[in-house]
There are 2 protein chains.
Amino acid sequence: MNMLDHTFNALADPTRRAILARLAQGEATVGELAKPFAISQPAISRHLKVLEKASLISNERQGKHRRCRLRPEALDSAATWLEFHRRFWTGSLDRLDAHLKSEKKPR
Amino acid sequence: MNMLDHTFNALADPTRRAILARLAQGEATVGELAKPFAISQPAISRHLKVLEKASLISNERQGKHRRCRLRPEALDSAATWLEFHRRFWTGSLDRLDAHLKSEKKPR
DNA sequence: AAGTTATATAACATATCCGTTAAATGAATA
DNA sequence: TATTCATTTAACGGATATGTTATATAACTT
């Protein structure tokens, strides 16, 4: 698994995206993150592990709590990949489109 | 599963990203797409199904072949999500940073 | 030291993923 | 019509994902 795999995989789950959205409002402990969800706390802990492995979050022990925060740089490679391909694909299709149009004219 | 789930999930696999990269060079049949990979052709067919479900590609029967092409719009929602969060996260952290700095000054 | 709180880990069930090979389908060709 | 080619679908197996509950750990509190 490379970095993009981990990032896209982590982002493919709505619970994990919701956790990220929550963290975008500010740091939170595991318990605070788990509270709004209908699933158990261990399940959240494992989602956090996935986000951690993707470097999307980090955490730091604070007494008996563990405080989580975003690592925004982790989005960079995914955003770069997406932007590049989005432009490249569209560019290719534009050229194809132009090509097809220029083919049609002569007839 | 919503659209982002499908998109991110589809992009999380390196074989599928390679297929997309290949299609960015131009349309191709299933067989042409399968050839460079070490895995069986039915396996490729199923990757193509995943990409199709994510609306990342479409295909059209042409005689006994099936020709695949990219659907670049499918990247839009994912790119939008990523860009938004990337900026938002960074913005939040900048504000946090500024906040922490402004807290320190008075002392 | 004992109890409480926050979180992680273990053990388990179920579902999905991803690959395989074999058989089915659909269309072109002999 | 029978054969061949391109692709899909079926049936299977093993690995991974995601949830559960029960138990362990780690740090505060009494």
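Reminder, nothing fancy here: chain letters follow the sequence lines and each chain counts from 1.
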#### Entry: Flag, side chain of B/H65 to backbone of B/R61, donor-acceptor distance under 3.5 Å
no
### Message
Test side-chain contact (heavy atoms from CB on, under 4.5 Å) on B/T29 and B/C68; report intermediate values, then the result.
### Response
CA-CA 6 Å; B/T29 67; B/C68 305; over 6 Å; no
### Task
Extract, from 5' to 3' on DNA chain D, the first and final nucleotides lying under 4.0 angstrom from some heavy atom of chain B.
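The contacted stretch runs from D/dC5 to D/dA11.
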### Query
Tell me, do B/E73 and B/D76 make a side-chain contact under 4.5 Å, heavy atoms counted?
yes
### Query
Is the shortest distance from a Lys or Arg side-chain nitrogen in B/E83 or B/R86 to a carboxylate oxygen in the other one below 4.0 Å?
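Yes, this pair counts.
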### Query
How would you list, by chain and number, every residue that makes a side chain to side chain contact (heavy atoms under 4.5 Å, CB included) with A/A78, sequence neighbours excluded?
A/L4, A/T7, A/F8, B/L82
### Message
Students often mix this up, so state it plainly: with edges at 30° and 60°, are the rings of B/H85 and B/W89 parallel, tilted or perpendicular?
### Response
perpendicular
### Task
Could you tell me the separation between the CZ atom of A/R71 and the OG atom of A/S58, rounded to the nearest 0.5 Å?
5.0 Å
Could you list, one pair per line, each protein nitrogen or oxygen that sits under 3.5 Å from a nitrogen or oxygen of nucleotides 16-23 of chain C, together with the distance?
residue : atom : partner : partner atom : Å
C/dC18  : OP2  : B/R16   : NH1          : 3.2
C/dG19  : OP2  : B/H47   : NE2          : 2.5
C/dG19  : O6   : B/R46   : NH1          : 3.1
C/dT20  : OP1  : B/S40   : N            : 3.3
C/dT20  : OP2  : B/S40   : N            : 2.8
C/dT20  : OP2  : B/S40   : OG           : 2.4

Output a table of donor-acceptor pairs, distance under 3.5 Å, between side-chain atoms of residues 44-57 of chain A and any protein atom two or more places apart or on a different chain; print 'none' if there are none.
residue : atom : partner : partner atom : Å
A/S45   : OG   : A/Q41   : NE2          : 3.1
A/H47   : ND1  : A/R16   : NH1          : 3.1
A/E52   : OE1  : A/N59   : ND2          : 3.0

### Message
For a quick check, with a 4.0 angstrom heavy-atom cut-off, what is the B/S/- contact string for nucleotides 24-30 of chain C, read 5' to 3'?
### Response
---SS--
### Query
Do B/M3 and B/L20 share a hydrophobic cluster, counting only Ile, Leu, Val, Met, Phe, Trp and Tyr and linking them when any side-chain heavy atoms are less than 4.5 Å apart?
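In one cluster with B/M3: B/L20, no.
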### Task
Could I get the full list of ring pair (Phe, Tyr, Trp, His ring centres under 6.0 Å) partners for A/F37, not counting sequence neighbours?
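Listed in chain order: nothing, the list is empty.
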